[in-house]
Amino acid sequence: MSINCAAVDRLIDSMSFTQKVGQLNQRLLGWKSVERNAAGRLVASDELKQEIDRWGGLGTLYGLLRADPWSGQHWGNGIRPEERTEAIAVVQQTVLERGAHGIGVLLSEEAPHGHQALGGTVLPTNLGLGATFDPQGVQEAEAAVAAELAASGIHIALVSGLDIARDPRWGRYEECFGEDPLMAARMCEAIVTGMQGEHRSKVGHGGVAVVLKHLAAQGEAVGGRNGQSAVLGPHDLHEIHLPPVAAGVRAGALGFMAAYNDIDSVPCCANPWLLKDYLRDQLGFDGIVMADGLAVDRLEDMAGSIPAAGRAALLAGVDVSLWDEGFTRLEEYADDEQVVAAVDTALRRVLELKAMFGLLPEDGADTAAIAMPSADAIAQATADGREQAKRMAREAITLINDGQSAATLDDIRSVIADAQAGPVIVAGPFADDFGCFLGDYTAPLPADEQSSVYRQLVARLGEDRVLLAAKPSDAPADQWARASTVVFVCGSTSERSYDSEFDDNGAAKAVTEYGATCGEGVDLSDIRLPWRQDDMLGEVAALTTAPIVSVAVCGRAHVLTNVLERSAVTIWAGYAGQYGPQAVADVLVDGADMSGRLPVTLPAYPAAIPVRYNDRQSAAHVYKDAAEPILRGFGYGAGSLAAVTFSEMHADTQSHPGEVLVQVTAHADDHGAAGAVNLFAHVSGGRRIPRLAMLVDSVYMDLNAGERRDIAFHVPCDRLRDVGDGQVQVTCTLDGDSTHTVTATLPGEY
């Protein structure tokens with residue numbers, strides 16, 4: 001929908017200062033805006049009416065459909081999929097009837113890995129999506145999520161993507177696509193293009209506006225402590241943390257969320273360089289900047305008061321608040337010329353976004369004519385989202401260890417397929433667990449959609465063949481002795497219970513002994529597997545001679561040294577989403593290929609962190625008690641591409657000015673292969689200490705059996721920063737063992 005600038009101007013001129021400020025607020029928690037009457041029908045709550053009356057309208061409403069333990073919404077009291085149309089209609093009609101200017105309300109929802117609503121699609125968390133190295137696949141999956149949101153009447157999707165995984169102690173590590181800025185940038189571009197369409201073509205037409213979070217460098221927080229200072233210089237800020245931001249702007253993102261942390265003492269939501277000079281002036285961003293939940297109020301110590309905190313955030317470039325009081329107190333600055341001008345600027349951005357969704361009254365009309373959701377469209381979009389979630393779960397599964405003992409994965413598959421072989425014992429604390437696959441920011445799923453590795457194997461092999469032993473003592477000794485295979489499901493979980501305690505922003509506050517071990521608010525000082533799982537695996541290994549397949553369901557880079565040593569095969573599953581258990585069973589029973597690659601570096605020891613593939617100095621042989629601190633490197637995957645051979649690699653610096661063209665020929669074996677081929681560069685001859693390696697291009701390919709294909713990597717010279725006249729060595733690494741190298745000299749300064 002085109003924006004009628006004159007109509008926006010007239011609206012701004014007709015509004016009081018209080019009404020303008022109200023359009024910038026997102027204070028009300030959406031699930032509190034409706035309630036059920038005696039007949040069980042949804043009606044507007046008094047809290048919603050009071051908020052509209054206070055401001056003469058409503059700017060943005062957060063989380064109307066959200067369901068999870070923090071909101072307290074579940075299948076017994078929350079808004080069910082079939083009630084979405086009714087809920088949206090109640091809210092929009094109440095806003096139009098009670099508001100002063102006939103303006104509808106923007107509806108924003110959490111969608112960090114699918115829609116956080118009852119019946120919403122649950123994709124793998126970003127760490128799992130990062131393991132796919134498949135931006136096109138992510139784009140298609142996010143397009144399906146956006147279609148569900150749009151069909152449900154939602155306008156804004158709050159989507160994680162900007163954070164870079166730098167320290168595995170951080171609980172929100174699972175929200176990162178990995179430790180590499182180029183892949184994170186491509187994934188952010190995929191999110192925006194999938195949800196908004198090319199050139200924003202789907203916005204208001206089956207798509208939603210994306211607010212990418214979190215801006216910026218939140219993953220760099222000291223000690224992995226959530227929301228704390230990011231201590232880094234401008235070069236590393238630009239090289240590691242800002243590429244996803246620039247990619248989001250290039251793709252047309254309509255929003256960014258300012259993070260909790262500070263960068264060199266300046267809070268992100270009060271940082272005019274970040275939100276104005278860089279984001280708007282340098283990158284040309286023209287959308288809205290939203291503060292993270294209560295982040296404005298957290299400026300009180302810096303600013304001196306809550307009203308001053310609101311003023312500081314506004315003048316720094318924040319347009320829309322989230323739950324805080326600071327923006328509600330902007331009325332106190334009605335005589336402050338700077339504030340008045342900044343309010344008008346932010347208001348224009350909000351109204352222009354509303355215009356894209358038809359939330360402003362057309363010329364001659366008193367109120368906006370808002371299209372209501374369609375139940376059929378919601379159902380179709382949700383079904384499409386489920387198919388995308390299945391596909392991405394399969395792509396996320398990563399083989400990180402095969403044939404550690406005499407048994408290989410193929411051997412184990414043969415044994416599992418043999419109905420006459422001994423029992424398959426599914427062990428470990430997550431053997432019959434579903435929630436561990438889902439990650440934080442997930443709504444509860446109905447019981448008939450829940451599964452587990454144990455239940456999936458029972459469905460395929462039968463109850464008589466598969467035994468459950470969450471603890472080693474759960475199975476008798478004779479069964480351990482007869483076992484043909486043991487599947488040990490280990491890792492961590494971000495699942496919250498409805499009796500959990502939370503901070504005021506929804507982060508976990510208190511975690512029980514066997515509660516969440518990952519997610520927002522669950523920062524850990526020890527990244528070994530929780531709950532003595534290493535000891536448990538040792539007990540299992542002592543009870544049986546059967547080969548052990550370990551399935552690591554992880555939201556952070558846990559230390560898996562003991563797991564690899566004791567397991568014939570180790571599969572890394574990230575948090576693969578609602579179809580994670582099925583994807584694991586597909587691998588073990590159906591022989592599905594594994595195209596995943598590790599999106600992060602796995603440390604070999606709990607205190608030898610952080611380690612990243614793109615550090616400048618190697619951690620090898622530094623610690624005298626941990627000479628080899630890396631267990632598995634970034635990009636490692638021993639799955640379907642391991643059997644692909646490569647030849648005829650060469651570099652060309654002449655044919656395409658401004659880039660290095662690297663070409664290599666891939667040869668598939670008799671089975672074919674799919675997955676990402678990654679090109680890394682090491683730079684020498686520049687003005688800085690070079691990184692050990694940089695991912696400079698990645699090509700996702702799908703080869704047929706016996707196919708031979710040429711692959712071209714296009715590496716812009718400006719990605720090889722500060723090189724001068726030095727040499728550039730590019731190394732194509734396939735599985736951590738097979739390496740091809742070609743060296744090229746860049747043509748002079750650039």
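By the 6.0 Å contact criterion, CZ on R709 is enclosed, its count of non-hydrogen atoms from other residues, nucleotides or ligands being greater than 12. Residue-environment remark: CG (D418) exceeds the threshold of 12 foreign heavy atoms within 6.0 Å. Around the NE2 atom of H650, the shell of radius 6.0 Å holds more than 12 heavy atoms that belong to other residues, nucleotides or ligands. Within 6.0 Å of the CG atom in D478, the count of heavy atoms belonging to other residues, nucleotides or ligands exceeds 12. The number of heavy-atom neighbours closer than 6.0 Å to CZ of R528, taken from other residues, nucleotides and ligands shown, is 12 or below.
How far CZ of R556 is from SG of C518: 4.0 Å, rounded to the nearest 0.5 Å. Rounded to the nearest 0.5 Å, atoms CG (L631) and CD1 (I400) are 6.5 Å apart. Atom CD of E449 sits about 4.5 Å away from atom CZ of R386, to the nearest 0.5 Å. Annotation: the span from N614 atom CG to I240 atom CD1 amounts to 4.5 Å, rounded to 0.5 Å. Separating the CZ atom in F133 from the CE atom in M183 is a distance of 5.5 Å, to the nearest 0.5 Å. Note that CD1 of I425 is 9.5 Å distant from OG1 of T485, once rounded to the nearest 0.5 Å.
Side chains of N678 and S698: a donor on one and an acceptor on the other come within 3.5 Å. Side chains of D411 and T408: a donor on one and an acceptor on the other come within 3.5 Å. No donor-acceptor contact under 3.5 angstrom links the side chains of N126 and S160, judged on distance only. Side-chain atoms of T193 and Q139 include no donor-acceptor pair closer than 3.5 Å. Judged by distance alone, the side chains of E175 and T125 never bring a donor and an acceptor atom under 3.5 Å apart. Defined by atom type and a distance below 3.5 Å, a donor-acceptor pair is present between the side-chain atoms of Y575 and S492. Between the side chains of E148 and T121, a donor-acceptor pair is found at a separation under 3.5 Å. A donor and an acceptor atom, one from each side chain of Q582 and D586, are nowhere located under 3.5 Å apart. Side-chain contact annotation: H113 with E174, donor-acceptor N/O pair under 3.5 Å absent.
Inter-residue side-chain proximity for R172 and D163 is flagged as unmet; no heavy-atom pair is nearer than 4.5 Å. Q578 places a side-chain heavy atom less than 4.5 Å from the side chain of F434. Looking only at side-chain heavy atoms (C-beta outward), E387 and R391 stay at 4.5 Å or farther from each other. I571 places a side-chain heavy atom less than 4.5 Å from the side chain of V569. You'll find the side chain of Y579 stays beyond 4.5 Å of the side chain of V122, heavy atoms only.
Judged by distance alone, the side chain of D474 and the main-chain N or O of K471 form a donor-acceptor pair under 3.5 Å. Under the 3.5 Å distance criterion, the side-chain polar atoms of E142 are left unmatched by any main-chain donor or acceptor of M195. Here the side chain of H667 pairs no donor or acceptor atom with the backbone of G706 at under 3.5 angstrom. At least one donor-acceptor pair closer than 3.5 Å links the side chain of T132 to the backbone N or O of L129. Distance alone, capped at 3.5 Å, places no donor-acceptor pair between the E395 side chain and the M392 backbone. Judged purely by atom type and a 3.5 angstrom limit, E140 has no side-chain atom pairing as donor or acceptor with the backbone of Q388. No donor-acceptor pair under 3.5 Å is formed between the side chain of W572 and the backbone N or O of A131. R460 places no side-chain N or O within donor-acceptor distance of the main-chain N or O of D590, the cut-off being under 3.5 Å. Here the side chain of T601 pairs no donor or acceptor atom with the backbone of R612 at under 3.5 angstrom. With hydrogens and angles disregarded, no donor-acceptor distance shorter than 3.5 Å links the side chain of D615 to the backbone of S618.
Counting all heavy atoms, side chain and backbone alike, S484 lies closest to A421 at CB-CB, 3.9 Å. Pairing each heavy atom of A666 with each of I711, the nearest pair is CB-CD1, 3.8 Å. Across A568 and A407, no two heavy atoms sit closer than the pair CB-O, 3.7 Å.
When each of L598, L602, I630 is tested with Y636 by the rule side chain to side chain contact (heavy atoms under 4.5 Å, CB included), just one qualifies, namely L598.
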From CA spacing to verdict: side chain to side chain contact (heavy atoms under 4.5 Å, CB included), L679, M649: CA-CA 11 Å; L679 185 72; M649 186 171 180; 3.8 Å; yes
D534/R566 under salt bridge (Lys or Arg N to Asp or Glu O under 4.0 Å): CA gap, chis, key distance, verdict: CA-CA 9 Å; D534 284 331; R566 294 185 179 276; over 6 Å; no
Steps toward side chain to side chain contact (heavy atoms under 4.5 Å, CB included) verdict (F713, V696): CA-CA 8 Å; F713 299 95; V696 290; over 6 Å; no
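Salt-bridge formation is not detected for the pair E463/R455: no Lys NZ or Arg NE/NH1/NH2 atom is positioned less than 4.0 Å from an Asp or Glu carboxylate oxygen. Salt-bridge formation is not detected for the pair E189/R186: no Lys NZ or Arg NE/NH1/NH2 atom is positioned less than 4.0 Å from an Asp or Glu carboxylate oxygen.
Aromatic ring pairs are classed by plane angle as parallel below 30°, tilted from 30° to 60° and perpendicular above 60°; the pair Y613 and F680 is perpendicular.
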